[in-house]
Amino acid sequence: MKLFSIKNLISPTVSIQGKIFVAFSLVTLIGIVAVTSIVYLYMRETVKNNAINSVTESIRQADESLNLRLEEVSRLNTVVATNKTVLDTLLSKTEEPSYEWFQEQKRIEEFLSALIAYKPYISRLAVIGLNEKVFFVGAPWLDKNFLSTPMMDSLLQNGSGHAYFHQTGINNSIVTGRELRYNRSVIGLVMFDLNDEFIKKIYDVKPTSDSMLYVVDRKNEFIYEPLTSVFDKETFIQFNQKLDGTDGSVERVINQQSYLIISRKSDYTGWSTVALIPMKSLLTETAHIRNVLATVAIIVFVFIVIGTLQVSSRITRNIRRLRSMMMHVMEGNMTLPTVEIHTKDEIGQLYQVFKSMVEELKRLLEGIVTTEKEKREAELAVLQAQIRPHFLYNTLNTVKYLAKINGVPNIVEVSESLIELMRGVLGNTNEFLTLQDELQYVRSYVTIEKYKYVEPLHVNIVVENEELLQLSVLKLMLQPLVENAILHGLSASAYEGVVLIRIYEENKELRIEVRDNGKGMSQEQIEALFERNKVQTYTRFSGMGVRNVHERIVRLFGEPYGVFVESEPDAYTTVQIRFPMLPVQNHLLQEG
């Protein structure tokens, strides 16, 4: 395949091919740069947001996990504080050492051991009386000297509900305690030690290897802190006070390094958790992805430039072919060349449109002859149609006259009804007429039909407002529905048939209901009435079925007007017409 020359590349105004190449290359370059930049920025923001969501969720789960344990300890506190054995032991007058004291110690230690069994996060459970009685299970050792420690004072001061104390030193632990009362007087303290390793395991949240997480209590004492920290205690306390205990995330520069700071305060303990994530470590993978994106963008651009050369040449080739075809047709030759354009781009679509236009032009030229022939046949048919109604009226009047002479009143009645129907259908060319005239056609039709059945046929018409009879309706809108009710509803019925026509106004619409007590229809039969792919059942007189009436109404007035059917097999069928309130005067103005 030939590539266009260097001249076309340097001066793209020489050919369409050069214009396409330069324009497409520039747009592609701008697009690749824009997309690459947006993808990188989006990925950077996504990594940051994912880190925020992940760390926030991890901190929340850690807080909830700790809260569950503290709630469990709180319940155990209540069990101890309300246990009769514990209270009786602290209130007894026994002294150490004695057999009674030994028995008390055995009972209370068995009770305490049972409470913390299978709870590895509790390292020690102790009951301490103000009368210097001390009982405990677990480690480390505890004796009556504990009563004079700051921890004892802190727990007593805050232990009306539950108090927390961070014990540091040889045995790091979180101590929670509660007062023991008898007759509204404080007689001692129950105290649980939570294992420090358990706390460290819960708060081991590190999205990157150099991330740091701090947990401080309400007294700004560290509950948990990393092994290596960018803060000393005083600096962190000042920094935490600036955060003001609010939940959320912020990006700050600390010691000339950018950190993502995520903080959360526990509603249960009041402890604040602060995570520091270095942005440099967090975005290390993003920088690598940025380099990959740049490399891929360059490679893609090179391939696109090469592809543009090929595509521009192919596009211009099809344009030349299409131009040649147009010139061929312009010379009067309606037969297109055998070479076709099979591409699916705009040129291929343009070729298909042009091909369709040529075929349509050929069809229209061939149709002119047929149209002229049909026009002459239609003119002859019009002359014949003008003669037939008059001949039919005269013939029916002759039949009526002979029946009257021979004293056959039923033939007279049928003939008069048929004449009335023929005059309305063949003599009236208007598409609209009054509802009163439409009802008259229905009466004439029923008069003819009643002579076909052995059982009497009852058609009742109920008009709730006589003014509705002066509204305009479509001609032969009601008669096909009545005919359908008689032929398909009542003819197969084993008992006397009744058709009720009810006319009323609802929701500013004209409603006409035709209800029969015939065999009814299933839902499938109702749906078949309105489907175009089903064979339409036409009425014998008008040649229009239910679907035709529905389509005439919808075509003129749209939804929600039309014909609606409701039926129950072997029970009834109700066909409702919804029609606009169309006064005769307005309709005549529109016709004029």
Side-chain angles (χ1 to χ4, degrees), residues 1-57 207-211 248-253 256-262 277-325 339-354:
M1 179 180 179
K2 274 188 177 183
L3 301 179
F4 54 78
S5 63
I6 298 177
K7 180 180 179 181
N8 288 339
L9 287 173
I10 298 175
S11 180
T13 57
V14 174
S15 67
I16 295 177
Q17 191 172 0
K19 293 179 181 179
I20 294 174
F21 173 76
V22 173
F24 195 75
S25 298
L26 287 176
V27 171
T28 302
L29 180 61
I30 295 172
I32 290 177
V33 172
V35 170
T36 304
S37 301
I38 292 172
V39 169
Y40 170 71
L41 293 176
Y42 174 77
M43 292 184 62
R44 185 181 187 277
E45 194 66 22
T46 300
V47 169
K48 179 180 175 181
N49 291 335
N50 288 343
I52 292 173
N53 295 334
S54 175
V55 174
T56 301
E57 180 64 18
T208 63
S209 59
D210 52 355
S211 298
S249 61
V250 65
E251 191 172 341
R252 294 279 179 85
V253 176
Q256 297 181 349
Q257 186 174 354
S258 179
Y259 286 88
L260 178 62
I261 302 171
I262 302 171
I277 308 170
M279 292 297 295
K280 182 179 179 180
S281 301
L282 187 64
L283 300 177
T284 299
E285 188 65 24
T286 306
H288 175 68
I289 294 174
R290 177 192 60 197
N291 297 334
V292 172
L293 285 175
T295 304
V296 171
I298 294 172
I299 296 173
V300 168
F301 180 71
V302 171
F303 277 102
I304 288 178
V305 168
I306 297 174
T308 301
L309 299 176
Q310 304 293 328
V311 173
S312 60
S313 177
R314 183 177 294 274
I315 290 176
T316 54
R317 182 185 63 184
N318 290 332
I319 291 176
R320 290 192 296 269
R321 286 180 179 177
L322 186 59
R323 177 181 176 277
S324 177
M325 293 177 186
V339 179
E340 295 187 354
I341 299 176
H342 298 286
T343 58
K344 296 182 180 180
D345 56 12
E346 288 80 357
I347 303 302
Q349 295 172 6
L350 186 59
Y351 166 74
Q352 294 298 330
V353 172
F354 174 70

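Residues that satisfy the side chain to side chain donor-acceptor pair (under 3.5 Å) test with Ser249, not counting sequence neighbours, are absent from this structure. By the side chain to side chain contact (heavy atoms under 4.5 Å, CB included) test, Ile38 pairs with no residue at all, sequence neighbours left out. Not a single side chain to side chain donor-acceptor pair (under 3.5 Å) links Glu45 to another residue, sequence neighbours left out. Under the rule for a side chain to side chain contact (heavy atoms under 4.5 Å, CB included), the partners of Val302 that lie at least two apart in sequence or sit in another chain are Ile306. With sequence neighbours excluded, the residues forming a side chain to side chain contact (heavy atoms under 4.5 Å, CB included) with Val55 are Ile59, Val205, Pro207, Ile262, Ala275, Ile277, listed by chain and number. Partners of Ile261 according to the side chain to side chain contact (heavy atoms under 4.5 Å, CB included) rule, which considers only residues two or more places apart in sequence or in another chain, are Phe239, Leu243, Val250, Arg252, Ile254, Tyr259, Val274, Leu276. Applying the side chain to side chain donor-acceptor pair (under 3.5 Å) rule to Tyr40 yields no partners; only residues at least two apart in sequence or on another chain are considered. With sequence neighbours excluded, the residues satisfying salt bridge (charged side-chain N to carboxylate O under 4.0 Å, His left out) with Glu251 are Lys48.
For the atom pair Ile32 CD1 and Ile299 CD1, the distance stands at 11.0 Å (nearest 0.5 Å). If you take CZ on Phe301 and CG on Leu29, they are separated by 4.5 Å, rounding to the nearest 0.5 Å. Between the CD1 atom in Ile298 and the CG atom in Leu293 there is a gap of 11.5 Å [rounded to 0.5 Å].
Side-chain contact between Pro278 and Ser258 is absent, with no heavy atoms from C-beta onward closer than 4.5 Å.
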